[in-house]
There are 2 protein chains.
Amino acid sequence: MWTAGHFGLCAFVHNYLPWQVLATLTPGLISVPLSRANDVTRRGIPEATVARLPIYHRVLTQLVEAGIATVSSEELAAASGVTSAKLRKDLSHLGSYGTRGVGYDTTYLVFQIARELGLTLDWPVVIVGIGNLGHALANYGGFASRGFRVVGLLDADPTRVGEKIAAGRDGETVEVRAMNDLETVVIEGGAVIGVIATPAGAAQGVCDRLVAAGVTSILNFAPAVLTTSAGVDVRKVDLATELQILAFHEQRKHADRQVRA
Amino acid sequence: MWTAGHFGLCAFVHNYLPWQVLATLTPGLISVPLSRANDVTRRGIPEATVARLPIYHRVLTQLVEAGIATVSSEELAAASGVTSAKLRKDLSHLGSYGTRGVGYDTTYLVFQIARELGLTLDWPVVIVGIGNLGHALANYGGFASRGFRVVGLLDADPTRVGEKIAAGRDGETVEVRAMNDLETVVIEGGAVIGVIATPAGAAQGVCDRLVAAGVTSILNFAPAVLTTSAGVDVRKVDLATELQILAFHEQRKHADRQVRA
DNA sequence: AGATGTGAACCAATTCACAGCA
DNA sequence: TGCTGTGAATTGGTTCACATCT
């Protein structure tokens, strides 16, 4: 039997931003306030900015491919769907990579952003749950080109195990493994990032096993709130939620129309 | 040939929040500041709150199904992965639906949230681009139960046209139609919400056609910045972006580890 | 000249702490 | 007594406007 109290126990999640958590865990470091203040100028990039850097990176990559050597903040901002002030403030957190009176060198800037985001490194990723969504993720072209390498695909359905799926853009395939192999796959592949694309009911169990095996960042597509230990980053993408937010605004539009009439 | 100027022209996007835009468009209404202030107390729910209501709705639905009649803010917050203060502030924007000293009636609250989100209405949706992702979206169970009805599936690949896909949870199927039929499908289905799951290159064209056919809310999975006229809501879900944000934090963790060592 | 980089002002969101009610 | 609902304080993010540099 469920009770409210029991249910309440089951979840305590920090959904993102482990900065404070990490600071708290750092043992006996008195200079934390100072070092954080230093962070803000030299390393600590605002979360909102981090969330936009991938967009700038993609747009800049297109510009470089199109052979454009220089952009102004105005142009880059327009192509990224933000205001130029916001763009300049964002880039200022990385350093002074522009030239006054001229603009930004696209090649140089795209590299600086890539470095800041860690895209110059190799990130082994495992994907758990190979339904339509898992499939879509596995052969999503955008991963390989940005340093993400699919080192493992796992599914609970025995009929799916053994299937070979194209992962990455250059025709490599990865074989679907059984759930039992989860720990092996994570450890052998050296994965620190895990993607959960299972049904909601299975998500927490998978999450626990991933973390136990060494994963420290999780992207969760299952419509469930995940509980993890501190130090593990969890990001959530919920398809239904996104539609519901749209529906809310849609409803407001209709209400407005009625009020006006 | 591309020039920076040309490229810069191609995109100006308001990514969300058409409040100010709408206010600006409202013709000759001098009381706008006042009416907005009124909005904030009576109807205007903060965007951050709206984004969390779907989570509360899902968790509450589970509680109701589990036969739990009452929850405290503490319990509901824990199960939703937020703090209790945040939860109470969020709910306070909807009205006073709790009982001091007791908590919230789950059945009553779930209905109030559903009403606020417009989930008690019927939202016809079209999905464009039936690759793996489009497939996953089409037969995602969470839609039907929340008032979303898939009235159209469209794909540019002629070999895919005619395929019947399970959409919604009760085994109904919807047939994939050709791109030419886009306008017909949108208008006949009465769709106001469109989902774009095409490759990046096709996204803007599809977006324009959807908007021209009457769609006013778009959920975009293509890694491209969309330009739309004011009054159209665009939300973006970018799989690569999410992973890149995780990679950033992951890199930071490793940097920290090195500093400590 | 012309565009960046940035302090200052502004606005939104979160957290605190407690008054008010069942 | 216990939990909601909410002003007040704080933190984080955006916008403005201009000093600064090529």
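Just so it is clear: chains get the letters A, B, ... in the order the sequence lines come, proteins before strands, and each one is counted from 1. What's counted below: heavy atoms across the whole structure, side chains too, no hydrogens, waters or symmetry copies.
- Proximity of A/Tyr104 to the phosphate of D/dT22: no side-chain N or O atom is located under 4.0 Å from OP1 or OP2.
- Computed from coordinates, the A/Leu91 CG to D/dT14 P distance equals 13 Å when rounded to whole Å.
- Distance, B/Leu87 CG to D/dC3 P: 14 Å, rounded to whole Å.
- In this structure, B/Glu75 atom CD and D/dG2 atom P are separated by 14 Å, rounded to whole Å.
- In this structure, CZ in A/Arg58 is found 12.0 Å from CG in A/Leu63, a value given to the nearest 0.5 Å.
- A donor N or O paired with an acceptor N or O is found under 3.5 Å between the base of C/dT4 and the side-chain atoms of A/Arg100.
- Judged by distance alone, the side chain of B/Thr99 and the main-chain N or O of B/Val102 form no donor-acceptor pair under 3.5 Å.
- When the C1' atom of C/dC11 is taken as reference, atom NZ of A/Lys86 falls 12 Å away, rounded to whole Å.
- Using modelled atom types and a 3.5 Å distance limit, the side chains of B/His57 and B/Gln62 yield no donor-acceptor pair.
- For A/Arg88, no side-chain nitrogen or oxygen approaches OP1 or OP2 of D/dT20 to under 4.0 Å.
- Taking atom CG of residue B/Leu94 and atom C1' of nucleotide D/dG5, one finds them 13 Å apart after rounding to whole Å.
- B/Thr83 comes within 4.0 angstrom of the backbone, heavy atoms only, and of no base.
- Closest to the side chain of A/Thr99, out of C/dT4, D/dT22, C/dA17, is D/dT22.
- For B/Glu47, the listed nucleotide lying nearest its side chain is C/dA13; candidates were D/dG5, D/dT15, C/dA13.
- Proximity of the aromatic rings of A/Tyr97 and A/Tyr104 is defined here by a centroid distance below 6.0 angstrom, and this criterion is not met.
- Distance B/Tyr97 OH to D/dC3 P: 23 Å, rounded to the nearest Å.
- Position along DNA chain D of the nearest nucleotide to B/Lys89 versus A/Thr49 favours B/Lys89 as the more 5'-ward residue.
- Dashed line: the shortest gap from a side-chain N or O of A/Ser73 to OP1 or OP2 of C/dA3 is not under 4.0 Å.
- Comparing D/dG13, C/dT15, D/dT4 against the side chain of A/Pro46 picks out D/dG13 as the nearest.
- Separating the CD atom of A/Glu74 from the C1' atom of D/dA17 is a distance of 14 Å, rounded to the nearest angstrom.
- B/Gln112 CD: more than 12 foreign heavy atoms inside a 6.0 Å radius.
- The CG-P distance, from A/Asp105 to C/dA3, rounds to 16 Å in whole Å.
- Mapped onto DNA chain C by nearest heavy atom, A/Ser92 and A/Val102 fall at different nucleotides, with A/Val102 at the one closer to the 5' end.
- Nucleotides of DNA chain D nearest to A/Ala85 and A/Ala48 differ in position, and the one nearer the 5' end is that of A/Ala48.
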